[in-house]
Amino acid sequence: MQVKPLCGCLRRPRIGWVIALLGACAGALTASGQTSDVVLPETLQGYNLIFINIDALRADHLGCYGYKRNTSPFIDSLAAEGLLFEQARSNSTYTRESVSVLFSGMLPCSSGAMGWYAQVPETVPTLAERFSAAGYETVFLSNTAVLAGLTRGFKTAHHLPLHWMLSTEGPKLTAIAMEHAKKIRNRPFFMYLHYFDPHGPYEPPDDLYLRFADTFYPNPLHIFDDIRADLNQLRKEGFGPGDPRFEDTVIRYDAEIADSDRSIELLFHALRAYGMLEKTLVVIASDHGEEFLDHDWVEHGWTLHEEVLRVPLIFWAPGKMPAARVKASVSVVDYYPTIARLFGLPTEGSALDGEALFGPADSGLRLTPPSRPYVAELMLQERAMTRSVIVDGWKYLAARKRFTPAERPNEVRQLEEVQLGLQAGTIPMTDVWGPPVYEELYYLPDDPRETRNVLDEQGAVRDKLRAILEKHEKTCRERGIETPPRQEVPALSPEEIELLHCMGYF
Ligand SMILES: [Zn+2]
């Protein structure tokens, strides 16, 4: 595995990591050579953790991942001082499933945290419980209500809005985070922050929109009400790259990213003023990406293609964590064991599906890429049920339930009407373990955009990857995970019930 030199923002000179051991401006250093060169002199025991999850942020829309627009100057500056993983993926493209993977260290079908109301089962110790048991303050702050019921183990949990489709709330989340930071500044803490700005609808502040456009587009389309609902008609009219309505949509998404970037910069200024950054690891991450017609559709939570799987991952702890870009493929399911390893937390009682990204070295910890195949799952009975696996650049996808892009607008309409009680009926249940109804195979090094399905030409590769997924499914079934008869609403606090009610869930 190669570690590429830093590019872009700071353009610091390449200096051997050994100097970091001397404590001299370690954040500016570039690890060179192999992945094994990324070494931490010691664990982060006693450090704080601030985990920043930015919802629906696809990695390739950040400058530090090569994007053409200046969406994220502050995150780019953190990336230049931190450890950036060039190939990080989520294990689901639906928010509740992905965050459940993060908090449990288990894949959706492995823990049973799957579906519209996915939540970590009571028998599975959460990351927050691990920190709490180790004496940490634990704070969960989100500017979306969509994570109601996923806060087990956090001493303090606060969902900002009373409805979920809200933009430009990032500064408020930062303000609340600053209040909480002041209260817990003298104790070790784990703070989870969930910024929602890039998630649809895309309604950014005017000044950030004008960072990327000369004037306001006069007739913007709403991602859900206009685009998702009428995509077939829009495509006939030429909606796509080059069409001003499409370009405006992407600009507004980008400006929402810039809004989160600005909110995080404000947070950093405050934390620095409180003296809280010296012993803190900050992780910048996302729960999944976002599609803009890459595969003839928009938003996320419908497929497991790369545009909705690839997410940013940056570890920032200057003086402790070297500055480097890592090519090794990692995924959200690895974060729990990695954080446990870094902070010296026990993992007994957990059946972790991921691997710690740092292993023991002669002194301290050394970056160790995961050896297990990468697996992702999307288990939304209402939309799509599919799994994917990547081995040696080959990506195999097997869907149990799938609607074509042309079918989706109608499916969305019916689903929403059933959920809101406007139409009688139930969502048809599909067997989680049933046979695939649609399979795809791509070779990512030659076809990173997944445009040429070579399933029939590469039978041996298909069989090998199919067998890996079948083994994973067998393991899950042996754990007693079954197709739920219906999507169960999780046990919630009165506040969370109110939040989900406001979201139109029931
Ligand atoms: Zn999400």
Side-chain angles (χ1 to χ4, degrees), residues 1 86-94 97-98 101 106-110 114 288-289 291 294-297 300-311 327-334 353-355 369-381 383-408 430-479 481 483:
M1 296 289 174
E86 293 185 347
Q87 293 197 62
R89 290 180 176 82
S90 180
N91 304 95
S92 170
T93 58
Y94 172 57
E97 288 186 346
S98 178
V101 172
M106 299 175 75
L107 294 166
C109 287
S110 181
M114 53 182 158
H288 50 75
E291 178 174 358
D294 304 72
H295 286 89
D296 299 317
W297 189 240
H300 56 268
W302 291 88
T303 76
L304 293 175
H305 287 305
E306 293 293 276
E307 61 275 7
V308 281
L309 280 179
R310 294 287 289 272
V311 287
K327 276 193 173 300
S329 178
V330 305
S331 68
V332 171
V333 77
D334 300 318
D353 289 318
E355 294 172 68
S371 58
R372 295 180 201 174
Y374 160 80
V375 171
E377 300 181 305
L378 176 64
M379 290 292 143
L380 291 184
Q381 294 278 0
R383 291 183 172 185
M385 302 182 65
T386 188
R387 295 189 179 89
S388 68
V389 59
I390 299 177
V391 175
D392 297 333
W394 290 96
K395 179 173 179 183
Y396 166 74
L397 299 103
R400 266 68 183 172
K401 176 179 276 190
R402 177 181 184 267
F403 298 110
T404 66
E407 291 170 333
R408 289 173 198 162
T430 298
D431 187 352
V432 169
W433 316 114
V437 295
Y438 190 77
E439 296 170 285
E440 297 160 86
L441 182 68
Y442 303 98
Y443 186 55
L444 295 176
D446 291 347
D447 183 20
R449 295 181 184 276
E450 298 161 287
T451 60
R452 295 189 302 280
N453 182 2
V454 294
L455 189 82
D456 295 333
E457 299 152 40
Q458 297 286 343
V461 178
R462 175 201 62 206
D463 292 349
K464 179 183 165 193
L465 270 62
R466 191 191 270 160
I468 292 171
L469 281 188
E470 285 171 355
K471 187 177 170 205
H472 162 68
E473 290 161 13
K474 183 166 176 281
T475 305
C476 296
R477 297 181 82 163
E478 285 170 359
R479 285 187 185 151
I481 306 297
T483 300

Handout entry: Partners passing salt bridge (charged side-chain N to carboxylate O under 4.0 Å, His left out) against Arg466 (at least two apart in sequence or in another chain)
Key = Glu439, Asp463

Handout entry: Donor-acceptor pair, side chain of Glu377 and main chain of Cys109, under 3.5 angstrom
Key = yes

Practice task
For atom CZ of Arg449, decide whether the heavy atoms of other residues, nucleotides or ligands shown that lie under 6.0 angstrom number more than 12.
Solution key: no

Problem - Within-4.5 Å side-chain heavy-atom neighbours: Ser371 and Glu355 - result: yes

Handout entry: For His472, ring-ring contact (aromatic ring centres under 6.0 Å, His included) partners two or more places apart
Key = none

Fill in the blank from the handout: Heavy-atom closest pair (Ser388 atom, Leu469 atom, distance to 0.1 Å) is O-CD2, 4.0 Å

Practice task
Give a yes or no answer on whether the side chain of Lys401 reaches the backbone of Gln381 with a donor-acceptor pair at less than 3.5 Å.
Solution key: yes

Exercise for the section: Assign the ring pair Trp302 / Trp297 to parallel, tilted or perpendicular, where the plane angle (0 to 90°) is split at 30° and 60°. Expected result: perpendicular

Exercise for the section: Could you tell me whether a side-chain N or O of Thr93 sits under 3.5 Å from a main-chain N or O of His288, the two making a donor and an acceptor? Expected result: no

Exercise for the section: Check the surroundings of atom CG in Asp447: do more than 12 heavy atoms from other residues, nucleotides or ligands lie under 6.0 Å from it? Expected result: yes

Handout entry: Sequence-distant partners of Glu473, salt bridge (charged side-chain N to carboxylate O under 4.0 Å, His left out), two or more places apart
Key = Arg387, Arg400

Exercise for the section: Look at the side chain of Glu450 and the backbone N and O of Leu444, then say whether any donor-acceptor pair between them is shorter than 3.5 Å. Expected result: no

Practice task
Assess whether salt bridge (Lys or Arg N to Asp or Glu O under 4.0 Å) is satisfied between Glu478 and Lys474, documenting all intermediate values.
Solution key: CA-CA 6 Å; Glu478 285 170 359; Lys474 183 166 176 281; 3.0 Å; yes

Handout entry: Check: Thr386 main-chain N/O paired with Arg402 side-chain donor or acceptor under 3.5 Å
Key = no

